[in-house]
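Below is one structure; the comments refer to it alone.
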There are 2 protein chains.
Amino acid sequence: MVQSELVDLEKKLRDAQLRPTKQRLALAQLLFSDGNRHITAERLHSDAMEANVAISLATIYNNLHQFTAAGLLREVVVDSSSSYFDTNIAPRHLFFHEQSGTLKDIAKDDLKVDNIPPLPEGTEISSVDVIVRVSSTRR
Amino acid sequence: MVQSELVDLEKKLRDAQLRPTKQRLALAQLLFSDGNRHITAERLHSDAMEANVAISLATIYNNLHQFTAAGLLREVVVDSSSSYFDTNIAPRHLFFHEQSGTLKDIAKDDLKVDNIPPLPEGTEISSVDVIVRVSSTRR
DNA sequence: CAATAAATTAGAATTCTTCTAAACAAGAAA
DNA sequence: TTTCTTGTTTAGAAGAATTCTAATTTATTG
Ligand SMILES: [Mn+2]
Ligand SMILES: [Mn+2]
Ligand SMILES: [Zn+2]
Ligand SMILES: [Zn+2]
């Protein structure tokens with residue numbers, strides 16, 4: 001890991017009003033240093049253990065939620081068994097591979113959603129989420 | 001409840017290779033006799049209690065899954081805290097009201113999804129799910 | 001009627017997630 | 001620096017949704 005990278009991550013945290021603690025910085029590094037990630041709490045915890053970062057699962061959950069509240073992450077609901085967090089906070093859609101539980105972004109402009117019918121009375125759109133569920137071709 | 005309605009439900013169950021037990025028939029009635037429903041296991045259990053149907057929560061779960069496997073229901077993932085089951089098994093999209101947890105169908109043809117990019121290698125589409133998340137207008 | 005297989009159930013177990021409350025660390029003030 | 005305040009981390013308990021187990025009951029078949 002490069003020094004300037006750590007400085008950038010520290011700024012990212014400070015800008016979000018989050019103190020750059022040892023654990024937080026380590027998580028930020030795991031999450032944001034290597035392209036776009038889609039990850040569960042348990043998986044992130046394993047990643048941290050592998051990277052020899054001492055951090056409890058409670059702290060993983062705390063930080064995933066704090067990062068989400070700060071707009072650094074986005075929570076994705078695709079699977080009833082556990083929550084995913086996406087480091088891509090821009091509007092986008094998703095492929096979800098049913099066998100592996102893998103997610104892949106679809107750039108917003110690569111897919112068109114049209115003709116949304118009138119919304120229920122007294123509501124406004126919060127987001128339009130498209131999930132293209134794919135399955136391994138049999139044979 | 002009309003007699004012919006019960007006969008229809010019994011046939012529906014038999015056609016799905018499911019024995020029309022007292023509990024199953026009662027659930028089928030709660031689920032399919034009154035238009036389109038979007039319901040959680042706990043909610044269905046409450047409904048059953050209110051209707052004086054003696055049935056355990058385990059049986060609710062067993063049957064929701066059996067109905068789903070038989071194509072009589074469809075499971076919907078919109079909320080990380082619990083699973084919803086939809087009595088509408090035709091292709092459709094959904095409005096999800098974030099405050100109330102309420103779902104509302106969007107007829108398939110009322111909304112257009114176009115330009116789905118190339119699928120990940122070795123996969124085929126299983127479904128394209130659009131969830132329009134709406135929120136009560138503030139003020 | 002048996003006999004067989006399917007279904008139901010109470011309660012225990014599992015899994016994911018959140019909470020509690022005490023210890024600890026970071027930043028601000030002195 | 002040291003002190004103070006507040007934010008953060010943590011182990012373990014608690015909670016909630018769901019599944020499992022194993023015994024009992026019910027439906028269907030012969
Ligand atoms: Mn991306
Ligand atoms: Mn759960
Ligand atoms: Zn993504
Ligand atoms: Zn529906």
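Lettering follows sequence order; numbering is per chain, from 1.
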For [X] and [N], is the shortest distance between a side-chain N/O and OP1 or OP2 below 4.0 Å?
X: B:Y61; N: D:dT19; result: no
X: A:R24; N: C:dA26; result: no
X: A:S81; N: C:dC16; result: no
X: B:S80; N: C:dT17; result: no
X: A:Q23; N: D:dT10; result: yes
X: B:H65; N: D:dT18; result: no

Please give, in whole Å, the distance from [N] [atom2] to [X] [atom1]?
X: A:I55; N: C:dC24; atom1: CD1; atom2: C1'; answer: 15 Å
X: B:H45; N: D:dA16; atom1: NE2; atom2: C1'; answer: 15 Å
X: A:R43; N: C:dC16; atom1: CZ; atom2: C1'; answer: 17 Å
X: A:Q66; N: D:dT8; atom1: CD; atom2: C1'; answer: 8 Å
X: A:L64; N: D:dT9; atom1: CG; atom2: P; answer: 12 Å
X: A:R19; N: C:dA28; atom1: CZ; atom2: C1'; answer: 9 Å
X: A:L27; N: D:dT8; atom1: CG; atom2: P; answer: 13 Å
X: B:L25; N: C:dA7; atom1: CG; atom2: P; answer: 14 Å

Reference residue B:H38; test side chain to side chain contact (heavy atoms under 4.5 Å, CB included); the match among B:T87, B:T102, B:V78, B:L103 |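 So the option named by the test is B:L103.
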
Which residue lies toward the 5' end of DNA chain D, B:A58 or B:R14, if each is placed at its nearest nucleotide?
->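 Looking at DNA chain D, the more 5' nearest nucleotide goes with B:A58.
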
If each of A:S56 and B:P20 is mapped to the nucleotide of DNA chain D with the nearest heavy atom, which maps nearer the 5' terminus, i.e. the 5' end?
->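 The residue mapped nearer the 5' terminus is A:S56.
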
With respect to the side chain of A:N62, which nucleotide from C:dA6, C:dT8, D:dT9 is positioned closest?
->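 My answer, after comparing the listed nucleotides, is D:dT9.
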
Considering only D:dA17, C:dA10, C:dC16, which nucleotide approaches the side chain of B:S82 most closely?
->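 Nearest listed nucleotide: D:dA17.
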
Do A:S135 and A:H97 get their side chains close enough for a donor-acceptor pair, meaning under 3.5 Å?
->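 Checked: A:S135/A:H97 side chains show no N/O donor-acceptor pair below 3.5 Å.
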
What nucleic acid atoms does A:T59 come within less than 4.0 Å of, heavy atoms only: base, sugar-phosphate, or nothing?
->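 Counting heavy atoms under 4.0 Å across all strands, the contact made by A:T59 includes a base.
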
Which part of the nucleic acid, if any, lies within reach of B:T40 when heavy atoms closer than 4.0 Å are counted: base, sugar-phosphate only, or nothing?
->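 No contact.
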
With nearest nucleotides of DNA chain C determined for A:E42 and B:I60 from heavy-atom distances, which residue corresponds to the more 5′ nucleotide?
->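 Going by which nucleotide is closer to the 5' end, it is B:I60.
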
5'-most by nearest nucleotide on DNA chain C - B:L57 or B:Q17 =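 It is B:Q17, whose closest nucleotide lies nearer the 5' terminus.
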
Atom CE in B:M49, atom CD1 in B:I55: separation rounded to 0.5 Å?
->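 That separation rounds to 7.0 Å.
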
List the steps, then state whether side chain to side chain donor-acceptor pair (under 3.5 Å) holds for A:E98 with B:S126.
-> CA-CA 9 Å; A:E98 300 187 315; B:S126 152; 3.2 Å; yes

Flag yes if more than 12 heavy atoms outside B:R74 fall under 6.0 Å of its CZ atom; otherwise flag no.
->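 Correct, the count exceeds 12.
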
State plainly whether the residues B:D15 and B:K11 are in salt-bridge range, i.e. N to O under 4.0 Å.
->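 A salt bridge is present here (some side-chain N lies under 4.0 Å from a carboxylate O).
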
